[in-house]
J.: 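Here it is, the structure in full.
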Amino acid sequence: MTAITPDIGLRARLRRLAGATAVLAIAVSGCAFVAPSAAVAADQAQSDDEKSVELHVSAGLRGLVAPGSSTSAIVTVENATDSALTTGQVEVELNRLPLTDAAAVSTWLDDGEATGSFASIGAEDTDPIDGGASATTTIFVSEATLGDLAPGVYPLRAELTASTGDAADAEAVDATATSVLVIPAPQTAQVGVLVPVTATPEGGALLTAAELSELTAPEGALTAQLDGVAGTTAVLAIDPSIPAAIRALGTAAPETARDWLTRLDNLPNARFALQFGDADATAQAQAGLPELLQPRALTPLLDPANFPGVPATAAPTDAPDATPGPTPSATESPALPSDDELTAIDGALPHILWPQSPTSADLTAFAGYVGADTTTIVSSTAVGGQSTAHATAGGNDLLVTDAATSDVLSRVAAARNPADRQRLLAEAAALLQLAQRAAPTAPLLIGLDRDENRSSDALRDAITAADSAGFELATTRATPPAAATVTGEPDAARSAAVTTLLADESRLTAFSSILADPQVLLSPERIRILRTLSVGTSAAAFAEGFADHQAQTSATLDAVNIPPSSTIQLLTANADLPIAVRNDLPWPVTVQLFVSPTDPRLEVRSPDETIVQARSTTRIKVPVSARVGSGEVDLRLSLYSPTGVQIQGDQTLRVAVRAEWETIGLVVLGGIIVLLIALGVIRTVRRKRREAVEESAVEAQIEALEEEDAVEARPDATTTEDPRE
């Protein structure tokens, strides 16, 4: 256990310093176990950022030393300062007055306070340690030194005396570390460990193929869960959404995920199913729901192409509350897996709920939800600290987990630093000893916290520190129950959140009527609601998740809309106005655009239903007729689904009518045309006249030439021949 020098006794500092401890050596003499501690220099109260000399002490196996046997105390000194640590001495002391309860153990380990006196059980010199280095010293503790200690939990302390620096400027270092030494009593009762197996997808619905590949890889978080429980008697509490996500992918599921599921089925560990998404039944009961929430039909999330033999044309029904499935064919082709097949957990024990902090009224509601034979798992804090594993309250069957030990072992399972785990394991050994002493023959149950990031080594350490060989949950449930009273108080915030989430889902149900298959939206939405109500989240984390879900709901409801538009100019009495409709959803939607004018001088005819493709914007043409030559008219625009559900509220669009411009334009155009025709006629007449004059001149010239030729060709009448010739 981490300890600090006597002048610093703050619990928070102690916990933080414990997280910085190094891996402790484990030495077994008879049996030995490391229970690390940390200490700081005693010459001054240092700040958290200052370097220090830290001390760690351990004795026994997981803090246990068999009665009448010898052991070894292992002291590790870590010099985190820059100065060398001189030769010093460590002394280990034992207080022979046992700690009587969990509160005393916590006070000793956290604050270093315990009644009784300490006596030395061994001392040893330490070698010089350079700055930034560490060294381990082993001190043998004989059987005679321990004496005849009775079974119990005993405070253990180690002290270091040394100095840093040269002889001229040496500074004394006195460090102290605390731990416990446990002399176990003969174990007569069985101890079991409940391990929740959960995984939350980033998108909130089912795990994707990429997420499953990462989680079920050799170093993945889900693989670590199975590695940690293998070979133990741990009872698995499995979120059905994990096998559902794997099976829903069919042949597209990663091979590692299919192997993981096969390995889970083959484990001999007892198991039961959590509610889908690990939803909290308590919140649902306190919200007054008539039954526990269930996931909607999962078939819309399946791709028939990933299930050989299923017809490619198989399509789910459009009914919102119906269970979709492929249309049966005459050849009876294989169908898609049903929801029960997708969520099945092989060998799961029935009728077990593990909610968060239920009240006595909630137990009655659970019986109505699941059945009169329902068994509810509660913490011992809910029944006044009683840790007997099997109990009954008001006729309702209970399994009770020991709160203190469960908390410590949950921190063991979450600790990445082996030194932190050793410190916590010693504390867990002490708490287990005290819990078993309170009820020597009654079975004890440990419930680990929900944690999706445990390492296999840490989880195995937590389980093996407590579980008993041959433990069976069925046997524990069959033992005579102890009478108990559940004292939990209602959680108004969570129950109110359930009501709000379901109201939002109702809005989405109406909104989904724009889809060909509403379940593609509603099925993931229900899963996200269940995950928002998951068990184990703190009040702050729950509030954050609830706010995120509401923001996502608002974004979905706003995903289909009419974007804002500037004033449209209408330059003719009859035209088609283009109205944009945007669809940000990943599916096509069918909408009906309704348009109504605020002034009767503008007639509008609403268009027919329009399909807007996924993640696109479509312009819908709206026919309008203006009865006014000029003016501005507002149009009210609204979107409805084919079933008449309003998708977007009224939005106003301003239309500037300039219909007289059409008449003016026609007159101007007509005048231009007449002018062009007149100019053409005049030009043609003038051309014709010019051509006639030119033709007459040509003809006159031709006639003159013809006459000249004729004269030249006729003989001269005055010319006579000589008769003598």
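If you're wondering where the values come from, they're calculated on a predicted model, not measured in any experiment. The first residue of the sequence shown is numbered 1, and numbering continues consecutively from there.
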J.: Does Glu472 have more than 12 heavy atoms from other residues, nucleotides or ligands lying within 6.0 Å of its CD?
T.: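 Counting other residues, nucleotides and ligands, CD of Glu472 stays at 12 neighbours or fewer.
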J.: Would you say that Leu445 contacts Phe471 through its side chain, given a criterion of any heavy-atom pair below 4.5 Å between the two side chains?
T.: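 Yes, close enough: below the 4.5 Å cut-off.
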J.: Determine the interplanar angle of the Phe542 and Phe546 rings, folded into 0 to 90°, and report it as parallel if under 30°, tilted if 30 to 60°, perpendicular if over 60°.
T.: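 If you compare the ring of Phe542 with that of Phe546, the planes turn out parallel.
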J.: Scan side-chain atoms only and decide if Asn583 and Gln613 contain a donor-acceptor pair under the 3.5 Å cut-off.
T.: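 Judged by distance alone, the side chains do not pair up.
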J.: Backbone N or O of Gly228 within a donor-acceptor pair of the Thr232 side chain at under 3.5 Å?
T.: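 Flag not set: sc Thr232 to bb Gly228 has no pair under 3.5 Å.
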J.: What's the separation between atom CG in Leu292 and atom CG in Asp280, rounded to the nearest 0.5 Å?
T.: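 These two atoms lie 10.0 Å from each other.
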J.: Sort out for me which residue in Glu452, Arg531, Glu211 forms a side-chain hydrogen bond (donor to acceptor under 3.5 Å, both in side chains) with Thr200.
T.: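 One option only clears the test, and that one is Glu452.
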J.: Is a side-chain donor or acceptor of Ser456 paired with a backbone partner of Ala224 at a separation under 3.5 angstrom?
T.: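 Not a single qualifying donor-acceptor pair exists.
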J.: So, does Arg416 use its side chain to make a donor-acceptor pair with the main chain of Ala458 at under 3.5 Å?
T.: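 Not at all, since once roles are kept as given, no pair shorter than 3.5 Å links the two residues.
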J.: Can you tell me if Glu214 has over 12 outside heavy atoms packed within less than 6.0 Å of its CD?
T.: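 Check fails, neighbour count at 12 or below.
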J.: Are any side-chain N or O atoms of Trp260 and backbone N or O atoms of Leu222, one a donor and one an acceptor, separated by less than 3.5 Å?
T.: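 Yes, Trp260 side chain to Leu222 backbone: donor-acceptor pair under 3.5 Å.
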J.: Verify side chain to side chain contact (heavy atoms under 4.5 Å, CB included) between Ile611 and Thr590, making sure each step is shown before the conclusion.
T.: CA-CA 4 Å; Ile611 297 178; Thr590 301; 3.7 Å; yes
J.: When you check the side-chain N and O atoms of Gln190 and Thr475, is any donor under 3.5 Å from an acceptor?
T.: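 There is no such pair between these side chains.
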J.: Should Ile463 and Leu409 count as side-chain neighbours, where that means a heavy-atom distance under 4.5 Å?
T.: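 Not touching, per the 4.5 Å side-chain cut-off.
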J.: What distance separates Asp407 CG from Ile446 CD1, expressed to the nearest 0.5 Å?
T.: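 One gets 11.0 Å once the value is rounded to the nearest 0.5 Å.
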J.: Is there a donor-acceptor contact under 3.5 Å from the side chain of Ser506 to the main chain of Leu502?
T.: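 Yes.
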J.: Side chains of Pro642 and Gln592, heavy atoms from C-beta outward: is any pair under 4.5 Å?
T.: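 They are not in contact (no side-chain heavy atoms under 4.5 Å apart), so the answer is no.
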J.: Rounded to the nearest 0.5 Å, how far does CD of Gln286 lie from CZ of Arg494?
T.: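 Here the interatomic distance stands at 10.0 Å.
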J.: Answer yes or no: is there a side-chain heavy-atom contact under 4.5 Å between Trp587 and Asp517?
T.: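 They are not in contact (no side-chain heavy atoms under 4.5 Å apart), so the answer is no.
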J.: Got Val229 and Val193 here, is their nearest side-chain heavy-atom distance under 4.5 Å?
T.: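 With C-beta onward as the side chain, the pair stays apart.
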J.: Strictly by modelled atom types, are Asp340 and Ser338 linked by a side-chain donor-acceptor pair under 3.5 Å?
T.: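 No pair is found: no donor N or O on one side chain lies under 3.5 Å from an acceptor on the other.
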J.: Could you state the interatomic distance from NE2 (His549) to CD (Glu544), rounded to the nearest 0.5 Å?
T.: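 Those atoms lie 14.5 Å apart.
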J.: What's the verdict on salt bridge (Lys or Arg N to Asp or Glu O under 4.0 Å) for Asp373 and Arg477, showing C-alpha distance, side-chain angles and the deciding distance?
T.: CA-CA 11 Å; Asp373 58 345; Arg477 296 176 72 184; over 6 Å; no
J.: Does some side-chain heavy atom of Gln275 sit less than 4.5 Å from a side-chain heavy atom of Leu293?
T.: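 Leu293 vs Gln275: side chains touch.
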J.: If we count only N and O atoms by modelled type, under 3.5 Å, do the side chains of Thr282 and Asp362 hold a donor and an acceptor together?
T.: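 Absent: no donor and acceptor within the cut-off.
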J.: Pairing donors with acceptors under 3.5 angstrom, does anything connect the side chains of Ser380 and Asp402?
T.: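 No.
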J.: Identify, with sequence neighbours excluded, every residue that meets ring pair (Phe, Tyr, Trp, His ring centres under 6.0 Å) alongside Tyr640.
T.: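 Only Phe594 meet the ring pair (Phe, Tyr, Trp, His ring centres under 6.0 Å) criterion with Tyr640.
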J.: Between Ile345 and Leu236, is there a side-chain heavy-atom distance shorter than 4.5 Å?
T.: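 Side-chain contact under 4.5 Å: no.
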J.: Do any N or O atoms from the side chain of Thr374 and from the backbone of Ala367 form a donor-acceptor pair under 3.5 angstrom?
T.: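 Not confirmed, Thr374 side chain does not pair with Ala367 backbone.
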J.: Is Val383 close to Val486 at the side-chain level, that is, under 4.5 Å between some pair of heavy atoms?
T.: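 The answer is yes; the side chains approach within 4.5 Å.
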J.: When you measure from the side chain of Asp239 to the backbone N and O of Ser241, does any donor-acceptor pair fall under 3.5 Å?
T.: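 Yes; judged by distance alone, with no hydrogens or angles, the pair exists.
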J.: How long is the gap from CG on Leu302 to CZ on Arg247, to the nearest 0.5 Å?
T.: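 Answer rounded to 0.5 Å: 12.5 Å.
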J.: Apply salt bridge (Lys or Arg N to Asp or Glu O under 4.0 Å) to residues Asp259 and Arg263 and explain how you reach the verdict.
T.: CA-CA 6 Å; Asp259 293 343; Arg263 184 184 177 194; over 6 Å; no
J.: Got a second to check how far Ile246's CD1 is from Leu261's CG, nearest 0.5 Å?
T.: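 One finds 5.0 Å between CD1 of Ile246 and CG of Leu261.
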J.: So, does Thr262 use its side chain to make a donor-acceptor pair with the main chain of Arg258 at under 3.5 Å?
T.: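 Present.
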J.: Please answer whether the main-chain N or O of Gln225 pairs with a side-chain N or O of Arg454 as donor and acceptor at a distance below 3.5 Å.
T.: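 Flag not set: sc Arg454 to bb Gln225 has no pair under 3.5 Å.
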J.: Apply salt bridge (Lys or Arg N to Asp or Glu O under 4.0 Å) to residues Asp457 and Arg460 and explain how you reach the verdict.
T.: CA-CA 5 Å; Asp457 291 341; Arg460 180 175 296 275; 5.9 Å; no
J.: Please answer whether the main-chain N or O of Val645 pairs with a side-chain N or O of Ser641 as donor and acceptor at a distance below 3.5 Å.
T.: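 The answer is yes, because a donor-acceptor pair under 3.5 Å joins these two groups.
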